[in-house]
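A short write-up of the structure that comes next.
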Amino acid sequence: MSNKKKENKISSLHSADEEEGKIHVSKSVFKTAQEMQISKINEAEEKQRELQRKQEEREKKKRDAYERRLLEEKKELIRLKQGQITESEMISEQPEQKIKLTPWQKIKNFFYQNKWWLGIASVLAALAVFLIYDIVSKERPDSIVMVVTQNEELNNCTGLADYFEQFTSDSNGNGEILTTVHYIPYSDNPQTNYAYGVDTKLTVEFESADAVMVIAGSKLSDAFVPEDVFTDLSEIYPGNPHVKGCRFYLKGTDFAEKIGVSDDVITEDLYLAIREPVSLMYCDKDEMEKTYNKDFSVFDAVIKDLSQ
C-alpha cells in the first residue's frame, strides 16, 4: 500500500472518530425518555403479573386444601354410615364462614389489587393534563432566536429580542409582535453541560421546527457539523465580507451597539445562521419550511441592516 493511500485511510478513520462524538439531530432525547417510560411500564406490568401469579397460587392452595377436606369428610361420613365409627370431629366442625366485606372494604381491596395499573393510569392522565395546559397557555411568539453559546451578557440582554422585533411581523395574528430568545449555554465543559441539561436542550431545540434563527459560536461545531444543518449563505449573499459559508459573522458590524452591549461581548467566533428545512424526529420538512419561510424575512432584514 502506498504512503498516500495510508494517509487517506488514517484521515478517514480520524473523521469517523470525530463524527462519532457529535450529536445527531435526527435522534431525539424525547425518544430516549419514551423508551425509558416504556421500560418502566413493562417493569410495572411484570410486577403485576408476579403478584397475580402469587395470588393464583394462594387460591389454588386454598382450593386444594378445601377439596382434600371434602374428600376426608366423605370418607368419615361413609365410615359413620357403616358403623365403623360413632362420631366424627371433622364432620361436626362448623363450616368456614365466608367473610362479608363492607362497601368501603371492597373499595380499598380494589385499589390494593390494582395499585400498579392505577398508578400508571394516574401518571398518564397527569401527563395528558400537563400537555393540554401547555398547548393552551403557552405563549406563541412571532419569531424565536436561539443563542447557543456560553455568553451571559447576551442572555441578559433585553435589546437582542427588541432588535429582532423591529423586522418581525405579527405572524400569529394576535395584534402584538413578540420575539423570544432561547438561551442554551453550550460550553467546552461536558460536566457543566450535563449538570445544566445543556445537551438535552440543544437536542430538543434542533429536533423541533420552532426556531430556525441561530446565534452561535465555534463550540457548536463540537456538537455537530454546522454545514450539515445551516443554509449556505454564500450563495444568497455573494460578496458580503461578513459571510463565510453558512455563517454571518457579527464581529465588525454594529450589532453590539444595536442590541445595547459593549463591543467585547461580541467575540470573533460569534455568528448568525439559519437552519435548513429537513425532516426531523418531531417535525417533517413541510412544517420546518413554514417556520423557515416566515423567519427568513427577519433573518434577511437583519443581515442587510448589519451589512450597511
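Numbering starts at 1 and runs along the sequence shown.
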>> With side-chain hydrogen bond (donor to acceptor under 3.5 Å, both in side chains) as the rule and sequence neighbours excluded, what pairs involving residues 285-299 come up?
In response: T231-Y292
> Who are the side chain to side chain donor-acceptor pair (under 3.5 Å) partners of D232, not counting sequence neighbours?
Replying inline: S234
> Could you go step by step and tell me if E227 and R247 meet the salt bridge (Lys or Arg N to Asp or Glu O under 4.0 Å) rule?
Replying inline: CA-CA 9 Å; E227 284 76 11; R247 303 167 177 85; 2.9 Å; yes
>> Determine whether V212 and M288 satisfy the following criterion, side-chain contact (heavy atoms from CB on, under 4.5 Å), listing intermediate values before the conclusion.
In response: CA-CA 8 Å; V212 295; M288 194 170 179; 4.2 Å; yes
>> Checking D64 now: which residues fulfil salt bridge (charged side-chain N to carboxylate O under 4.0 Å, His left out) with it, not counting sequence neighbours?
In response: K60
> Does the salt bridge (Lys or Arg N to Asp or Glu O under 4.0 Å) test come out yes or no for E46 and R49, once each step is laid out?
Replying inline: CA-CA 5 Å; E46 181 62 30; R49 285 193 291 268; 2.8 Å; yes
> What distance separates N189 CG from K219 NZ, expressed to the nearest 0.5 Å?
Replying inline: 10.5 Å
> In Å and rounded to the nearest 0.5 Å, what is the CG to SG distance from L233 to C246?
Replying inline: 7.0 Å
>> Could you go through R53 and E57, starting from their C-alpha distance and side-chain angles, then the distance that decides it, and tell me whether this counts as salt bridge (Lys or Arg N to Asp or Glu O under 4.0 Å)?
In response: CA-CA 6 Å; R53 185 184 64 80; E57 288 180 355; 2.4 Å; yes
> V181 and F167: same hydrophobic cluster, using ILVMFWY side-chain contacts below 4.5 Å?
Replying inline: yes
> Taking atom types as modelled and ignoring hydrogens, do the side chains of D300 and Y237 form a donor-acceptor contact shorter than 3.5 angstrom?
Replying inline: yes
>> I'd like to check the salt bridge (charged side-chain N to carboxylate O under 4.0 Å, His left out) partners of E257; sequence neighbours left out, ordered by chain and number.
In response: none
>> One pair to check against side-chain hydrogen bond (donor to acceptor under 3.5 Å, both in side chains): S143 and T179. What are the steps and the verdict?
In response: CA-CA 5 Å; S143 64; T179 295; 2.7 Å; yes
> Would F248 and H242 count as a close aromatic pair, with their ring centres under 6.0 Å?
Replying inline: yes
> How are the rings of F230 and Y271 set relative to one another: parallel (under 30°), tilted (30 to 60°) or perpendicular (over 60°)?
Replying inline: perpendicular
>> Under the rule for salt bridge (charged side-chain N to carboxylate O under 4.0 Å, His left out), what residues qualify as partners of D170, not counting sequence neighbours?
In response: none
> D305: what forms a salt bridge (charged side-chain N to carboxylate O under 4.0 Å, His left out) with it, not counting sequence neighbours?
Replying inline: K258
